[in-house]
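Structure record follows, encoded as structure tokens.
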Amino acid sequence: MASSPVSPSSPTSPARPGLLAFQPLKRRRCAECRSGPLRLLVLEGGEPRCLDCADLGHLVYLPRGDTALTRRAREGSGLWAVVVRFHRRRARYERQGVLVEEAALAHAEERCLADAEARARRRARDAVRRAARDVRFTEAFAAEIGRLFPGCPEDRARAIAAHAAERGSGRVGRSAAGRALSEGAVTAAVGAAVRHTATPYDRLLMSGVPRGEARRRIAPAVAATLRAWREAPGQPGQPGRDARACEGEGHTWPPKPVGN
């Protein structure tokens, strides 16, 4: 299950009612009792406090993963807190679980066991509906690639769309702009596919070349391919011209299929 984002206006200001507890990325000690390193902490006045000093030590941690159990445990708990951790690459806080009262968790577990079969059937129905929506969205994404890049082979457009639109991947196709089929998002997906599969970009990264420099080196080949694909088949500037440019970089045309 993918982490859901939390965007507090400040580390101590939750975006929803309730308290926030943090999984620290660095070794931190409690500013009050000096215990540590802390597995979980609460920020008070900008300083870390352990759960005991923050009067949350009696709560138990429930990791994310079971939506019904989390919701029911939280509803039955008089005091609870959302546990978050900062994701450096995405530059945002993401939910990791909740802290709830032990009795509330036990009661929630009993309720979940009682209706587990019905919820399983509902999840199966929901999964079928999501899969159908994903197929329609991937087809629409591939069609938009074909509209913006008529020179892109159909099988390549379908492969790029499937890769970019994979549910839970965090790729551009699952962003708000991607779901809206914005030209920028579609172009970004096509450019990323060309960069990773039709240039030496990955090999440059593996050899220790910084990401910015690697992108600079392969930018002409990517731009040439996108220019060629923007032209309809039969018009000047077809892939043959860019194949020569790509071969000069140590790879061949057509590019290999999109990988995972």
Side-chain angles (χ1 to χ4, degrees), residues 1-8 11-28 37-43 48-52 54-135 137-138 162-176 178-179 260:
M1 179 178 176
S3 302
S4 53
V6 177
S7 302
T12 56
S13 176
R16 52 169 297 166
L19 303 173
L20 282 183
F22 297 84
Q23 289 182 349
L25 299 180
K26 299 180 179 179
R27 294 168 64 89
R28 304 290 296 274
L38 301 175
R39 184 177 62 89
L40 293 172
L41 61 86
V42 174
L43 290 177
R49 296 287 193 279
C50 67
L51 296 186
D52 286 332
D55 293 330
L56 300 178
H58 63 292
L59 302 182
V60 295
Y61 176 56
L62 173 61
R64 60 184 171 86
D66 189 324
T67 304
L69 180 60
T70 297
R71 183 184 69 253
R72 289 169 172 176
R74 194 178 60 211
E75 290 172 350
S77 188
L79 180 65
W80 56 274
V82 175
V83 177
V84 299
R85 182 172 61 205
F86 190 73
H87 193 296
R88 286 194 177 101
R89 183 173 62 84
R90 296 174 182 167
R92 70 188 189 193
Y93 285 98
E94 294 185 340
R95 288 180 176 86
Q96 304 301 310
V98 292
L99 292 169
V100 294
E101 294 170 344
E102 189 170 6
L105 177 56
H107 182 58
E109 289 172 337
E110 292 176 359
R111 293 177 60 193
C112 287
L113 286 174
D115 63 359
E117 184 176 347
R119 289 187 296 110
R121 290 196 298 268
R122 184 168 62 247
R123 284 196 300 270
R125 293 193 299 270
D126 291 343
V128 171
R129 286 194 291 268
R130 284 195 301 271
R133 287 198 299 267
D134 288 348
V135 168
F137 174 61
T138 300
H163 185 72
E166 181 181 353
R167 182 179 292 271
S169 65
R171 299 182 186 120
V172 66
R174 303 309 302 189
S175 65
R179 291 194 297 271
N260 290 328

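Side chains included, hydrogens not; waters and symmetry mates left out as well; all remaining heavy atoms used. Note that the structure is a prediction, hence the values are computed from the model and not measured.
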Working note: R123 + T67, criterion side-chain contact (heavy atoms from CB on, under 4.5 Å); need CA distance, chi angles, decisive distance, verdict. CA-CA 11 Å; R123 284 196 300 270; T67 304; over 6 Å; no
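Closest approach of W80 to L59, counting heavy atoms only: CA-CD1, 4.3 Å. In this structure, V82 and R95 approach most closely via the heavy-atom pair CG1-CG, 3.7 Å. Contact record, Q96 with Y61: O-OH, 3.0 Å, taken as the closest heavy-atom pair. Between A164 and R171, the shortest heavy-atom contact is O-CB, 3.6 Å. In terms of heavy atoms, D66 sits closest to R119 at OD1-NH1, 4.3 Å. For the pair R90 and H87, the tightest heavy-atom approach, listed with the atom from each and the gap, is N-ND1, 3.1 Å.
Here the side chains of F22 and R28 are not in contact, with every heavy-atom distance at 4.5 Å or above. Looking only at side-chain heavy atoms (C-beta outward), L19 and V42 stay at 4.5 Å or farther from each other. A 4.5 Å side-chain heavy-atom check between R85 and E94 finds every atom pair outside the cut-off. Between L40 and L56 there is no side-chain heavy-atom pair separated by less than 4.5 Å. Contact check for V83 versus Q23: side-chain heavy atoms found under the 4.5 Å cut-off.
Rounding to the nearest 0.5 Å places CG of L51 at 8.0 Å from CG of L38.
Dense packing is recorded around CZ of R129, with more than 12 heavy atoms of other residues, nucleotides or ligands lying under 6.0 Å away.
Applying the side-chain contact (heavy atoms from CB on, under 4.5 Å) rule to T138 yields the partners A161, A162, A165; only residues at least two apart in sequence or on another chain are considered.
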Identify every side-chain donor-acceptor pair in residues 101-111 under 3.5 Å, counting partners at least two apart or on other chains, and give the distances.
from : atom 1 : to  : atom 2 : distance (Å)
E101 : OE1    : G78 : N      : 3.2
E101 : OE2    : L79 : N      : 3.4

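A salt bridge does not link R133 to D126: none of the charged side-chain nitrogens sits closer than 4.0 Å to a carboxylate oxygen.
R179 places a side-chain N or O within 3.5 Å of a backbone atom of R174 that can act as its donor or acceptor partner.
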